[in-house]
Every structure is written in C-alpha cells, then in structure tokens.
Amino acid sequence: MNFNDFLSKIQHKFSDKEKALLEKAFVFAGRAHQGQKRFSGSDYVSHPISTAQILGEIFPSATTIAATLLHDVPEDTKTGIDEIKKEFGVEVSALVDGVTKLGKVRLRNSKDKYYVENLRKMFVATSKDIRVILIKLADRIDNMRTLQFVKAEKQKRIAEETLEIFAPIANRLGIGEWKDELENLAFKIVYPEEFKKTEQSLIQALPDREATLKQLQKEVSEILRVEGVKFERITARIKRPYSLYKKLPRYDNDIYKIYDLLALRVITQSTSECYAALGAIHKHLQPVPGRVKDYIALPKPNGYRSIHSTVFDKNKRIFEIQLRTAQMHDEAERGIAAHWSYEESGKKGELHQMRVQWIEDLQEMQDQVLNAEEFLRALKFDFFQNRIFVLTPKGDVKDLPEGATPIDFAFSVHSDLGFYMQGAKVNNKMVKIDHVLHSGDVVEIVKSKKPIKVSQDWLKQVKTSMARQKIRHYLEENQTGIFNTLKKMITRKK
Ligand code: MN
C-alpha cells in the first residue's frame with residue numbers, strides 16, 4: 001500500500017504539515033519493519049498501517065496516527081525509541097513508549113482473582129495519556145480481525161483477553177463501535193458453540209429482518225412527517241450476538257422476551273426534537289409500559305446519551321426506538337475520542353489540558369452514576385488514581401501508592417526481598433533505592449547472596465505500611481541484639 005491509499009481511507013482533512021508528519025512515519029515504519037512478515041504472510045507493516053486507519057476513523061489526530069504507525073517499531077525491530085524521539089519528537093515517542101510498556105503487561109495467568117479488574121484499572125491509570133489506550137485498542141482490533149492466521153490455542157487466549165479486558169475498556173470509554181466489534185470477534189472464538197446457537201436463534205426469531213427493518217423505518221418516518229417533527233435520518237440495527245447472549249439468561253433464555261432485537265435510531269439535530277419525536281411516535285405506536293429510558297436527562301456512567309422506548313407497530317411487532325442528536329450519536333460510537341479536539345494547532349498547554357480533561361470527564365461520569373454497582377466501580381476507579389502500577393521483569397503487575405520506591409517494590413514482591421536488596425534497576429537502568437517509581441516502570445531488584453545491613457534512613461524512603469513495618473521490626477531486633485550483648489558484658493563484669 002502506498003501513502004496516498006493509506007491517507008485516502010481516513011476521513012479527515014489534514015494540513016500539509018500533518019500530512020508531512022504522517023508520510024514520514026509511514027515511510028519510517030515501512031523501513032523499520034522491512035523483511036518482517038505477519039502470520040498471514042503479508043508484510044508486517046500492513047499491521048501498523050491497518051491499526052493507524054482503525055484509529056484514524058475515530059480519532060483523526062496526526063500525532064496519534066503517526067505514533068500508531070510506529071507502535072511496534074521499538075518492540076519488534078532494531079530501531080529503538082531514542083531514534084523515534086530524535087526523528088519525531090517527544091510527543092510521538094512518548095505515545096509509542098506508552099504502547100510498548102503496556103505491551104509488556106502480562107494479561108492472564110495470575111492467581112489473583114481481582115487481577116482482571118485491577119488490570120483494567122491499571123490500563124487506564126498507567127496511561128495518563130488516553131491516546132495510548134486508544135492506540136492499544138486499535139491494535140487489538142486489527143489483531144482480532146486477522147486472528148485466523150494464528151494457532152488455535154493462541155487465538156483463544158487472545159480472544160479471552162479481548163473479552164475480559166479490551167472490550168470492557170472500550171465500553172468504559174464509551175466507544176460503542178469498538179466495544180461491539182471486539183466483543184463479537186472474540187465471542188466467536190471463546191464460545192464457538194454459544195455463538196452458533198445465538199446466531200441461529202436470532203435468525204429464527206427474525207426470519208426476514210432486513211425487510212422488517214425497512215418497513216419499520218418507513219412507518220416511523222411517515223409518522224414523523226405527519227406530525228411535522230424534523231429529523232436527520234433513521235438508521236436501523238439488529239442486536240449483536242454477544243449482547244444478546246449476555247442478555248438471554250436474564251430473560252429465562254427466551255428470545256421472545258427480548259424487545260430490542262430490532263432497533264430504529266432516529267437521529268435529530270436538537271435535543272428538543274428527540275423529545276418531540278418520542279411524543280409523536282408514542283401517539284401513533286403503542287408504547288410498552290415502563291420501558292422509556294431517558295439517558296439524555298440521566299446519561300449512563302460512560303457518557304452514553306439517548307432516549308430508548310419500546311413500542312408495537314401496526315402489525316403488533318415489538319421493537320425498540322432510540323432517539324438521539326447527531327452529536328450524541330457520534331459520541332455513542334466514538335466515546336471519549338469524540339470529546340476531544342484533535343486539532344493540532346501547536347498551542348502549548350493544550351495537550352496537558354486534554355489529559356486533565358479526560359480525567360474530569362470520568363469524574364463527571366461518576367457524578368451521574370445511578371446504581372450501586374456502577375457507583376462502587378467508579379469509586380474503585382477513583383481510588384486507583386492515587387496508585388501507581390509497576391511491572392516485575394516477568395510482567396506481573398504490582399500496585400503501589402504514589403511516591404513508592406524500589407524498597408516498597410521489593411517488600412511487595414516478597415516479604416524478605418528487601419533485606420537482600422543490593423540495588424535496583426528501573427527500565428533496565430540502575431537507580432538509587434529511594435528512586436521514585438512511576439506507572440509503567442519495569443522494576444528489577446538486584447539481589448545479594450547474604451542479608452544486607454538496613455539503615456534507619458529506609459524508614460523515610462518508603463510509602464507502604466508493609467515495608468515500614470518490616471524495616472521497623474528489623475531495626476528493633478537488631479537494636480535488641482546490641483542491647484543484649486551490652487547487658488551480657490555488664491553482667492560478666494560484675
Ligand atoms: Mn501491534
């Protein structure tokens with residue numbers, strides 16, 4: 001693929017400067033990955049190219065797309081992050097570095113039952129820059145789309161990870177389109193039998209769905225026309241297999257009790273038109289009692305806004321109607337990416353604001369939280385804002401308070417490791433033992449053969465109560481030792 005083909009697939013008008021950056025990254029990635037192949041047999045670079053296109057669809061930021069093109073370079077080629085920094089600057093290289101670090105996290109096989117939950121949070125907390133997560137999600141979508149070329153066993157592991165970690169993150173960030181695609185691609189592989197069954201029952205329950213949807217569309221647009229309600233367009237959707245599969249058990253596994261198999265989306269220009277359209281539809285089509293959900297007045301925690309209602313059409317067919325403005329629709333598909341201005345005006349400080357903004361967005365979402373479960377989840381999330389997540393060399397995640405040092409890390413790995421700590425490496429570089437750790441750091445403790453002498457100063461260099469307790473205990477014991485010797489000496493003298 002040449003650069004112009006690549007660019008033409010991203011629906012966005014870039015400035016000449018942005019185009020130059022993208023072309024440079026495109027060429028650079030091509031050169032770095034030269035000779036490498038994917039499991040499919042195609043050139044490796046086709047992966048970062050597809051990933052960049054997936055990302056560009058929802059977040060057409062030139063910097064972020066450039067970083068996406070380069071996202072596998074440090075990990076998989078001889079070209080290092082320093083060279084990327086030299087060629088593309090701090091911003092692009094920080095994004096690439098963030099993606100590389102996230103790639104080192106071991107996602108499964110932990111005994112900790114809260115592992116997955118922690119991991120989701122780590123994902124979010126580590127990447128102070130949400131763009132890193134967006135790149136990682138786009139990366140996963142491309143990997144899922146091309147999963148058939150991978151060995152069956154690996155397919156399953158990747159698909160499970162996708163269901164447990166990546167899809168929930170996409171959901172948390174409100175990126176409906178990505179969440180749906182990730183879930184459905186993974187569903188097929190993780191639960192092949194259930195997938196087949198769910199698809200079959202969908203076909204059975206909706207034998208001529210395309211025709212039905214067309215009729216409903218016509219019916220509803222006629223009602224809106226008669227009532228004089230303005231709208232932009234009406235789209236239709238059929239419930240996705242994974243979402244149906246998750247919903248069925250709550251409805252006695254009876255597909256006929258699920259009323260949103262078919263849904264029409266009325267897209268309007270203004271919020272008041274949404275309410276007007278709802279009124280008009282209810283006037284003509286009988287609503288099911290107690291099924292109006294106003295997520296415009298009370299948005300979902302992930303920011304989703306829409307009005308949902310369930311109605312019968314003239315032929316007593318039941319379906320869901322969703323009403324939202326064009327902006328709400330865009331936000332429902334692109335989530336947090338839609339909240340961002342990706343104009344790269346070069347103004348300083350804007351980037352910082354973007355980072356802060358996304359945390360504020362999440363807090364705002366939490367303020368709108370409705371049920372206890374969501375509230376708890378939000379609360380936990382908040383808690384994790386003051387934590388850092390560092391990795392062992394094997395990729396296990398350690399959760400520490402902000403300001404923690406390698407000493408805290410050592411005691412968190414093993415209760416005695418701190419007493420054998422000769423030194424510490426962070427991201428492969430030797431550091432002082434009171435070095436302040438940051439999220440995403442890979443920390444390695446250099447062990448001595450014999451226990452070392454712990455100094456009083458250590459108490460000032462730790463943040464965790466676990467480490468402090470251990471050190472204090474050690475110091476007390478050793479003081480007692482001296483005291484005892486002194487006592488013996490004194491006694492002997494007598
Ligand atoms: Mn990749």
Side-chain angles (χ1 to χ4, degrees), residues 1 6 9-10 22 25-59 61-81 83-85 88 92-108 119 122-123 126-127 129-151 154-167 169-170 173 175 178-179 181-182 185-186 189 337 391 395 440 442:
M1 183 184 286
F6 164 74
K9 289 214 179 129
I10 300 171
L22 290 172
F26 188 91
V27 173
F28 191 96
R31 212 173 287 150
H33 288 295
Q34 190 135 51
Q36 292 177 336
K37 297 278 175 198
R38 301 193 80 184
F39 288 113
S40 65
S42 59
D43 285 340
Y44 189 86
V45 76
S46 68
H47 162 64
I49 289 174
S50 305
T51 306
Q53 283 168 336
I54 292 165
L55 180 108
E57 276 165 33
I58 79 150
F59 193 59
S61 136
T63 319
T64 316
I65 296 171
T68 310
L69 285 166
L70 302 168
H71 81 272
D72 277 330
V73 167
E75 189 64 17
D76 296 343
T77 76
K78 283 184 205 124
T79 312
I81 190 77
E83 205 168 320
I84 290 176
K85 196 168 174 181
F88 295 93
V92 170
S93 79
L95 289 172
V96 175
D97 198 37
V99 177
T100 310
K101 276 182 180 158
L102 269 186
K104 293 206 172 105
V105 176
R106 192 201 293 174
L107 293 178
R108 290 186 59 80
L119 218 90
M122 189 220 61
F123 236 82
T126 316
S127 326
D129 196 322
I130 183 84
R131 293 174 298 177
V132 170
I133 299 182
L134 293 179
I135 297 172
K136 197 70 197 162
L137 287 171
D139 176 51
R140 181 50 61 115
I141 289 175
D142 187 58
N143 286 333
M144 287 302 297
R145 284 184 187 171
T146 52
L147 204 57
Q148 71 266 31
F149 301 108
V150 172
K151 271 191 215 138
K154 201 175 167 195
Q155 274 188 23
K156 189 127 192 246
R157 183 181 63 77
I158 291 173
E160 277 171 353
E161 214 174 74
T162 300
L163 270 189
E164 284 177 351
I165 293 154
F166 291 87
I169 290 170
L173 300 178
I175 313 172
W178 284 7
K179 184 207 86 167
E181 180 166 2
L182 287 171
L185 287 169
I189 294 162
L391 307 174
V442 178

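Just follow the structure's listing: the first ligand is 1, and inside any ligand the first atom is 1. Computation of the quantities below employed the complete heavy-atom set of this structure, encompassing side-chain atoms and omitting hydrogens, waters and symmetry-equivalent molecules.
Among the atoms of Asp142, none of the N, O or S atoms falls under 2.8 Å from the Mn ion (ligand 1).
Counting heavy atoms from C-beta outward, Asn143 and Arg38 have side chains that approach closer than 4.5 Å. With contacts defined as side-chain heavy-atom distances shorter than 4.5 Å, the pair Trp178/Phe166 does not qualify. Between Val96 and Pro74 there is a side-chain heavy-atom pair separated by less than 4.5 Å.
Within Asp139, the N, O or S atom at minimum distance from the Mn ion (ligand 1) carries the name OD1. Atom OD2 is the N/O/S atom of Asp72 found closest to the Mn ion (ligand 1).
Using a 4.0 Å cut-off between charged side-chain N and carboxylate O, Lys9 and Glu57 make no salt bridge.
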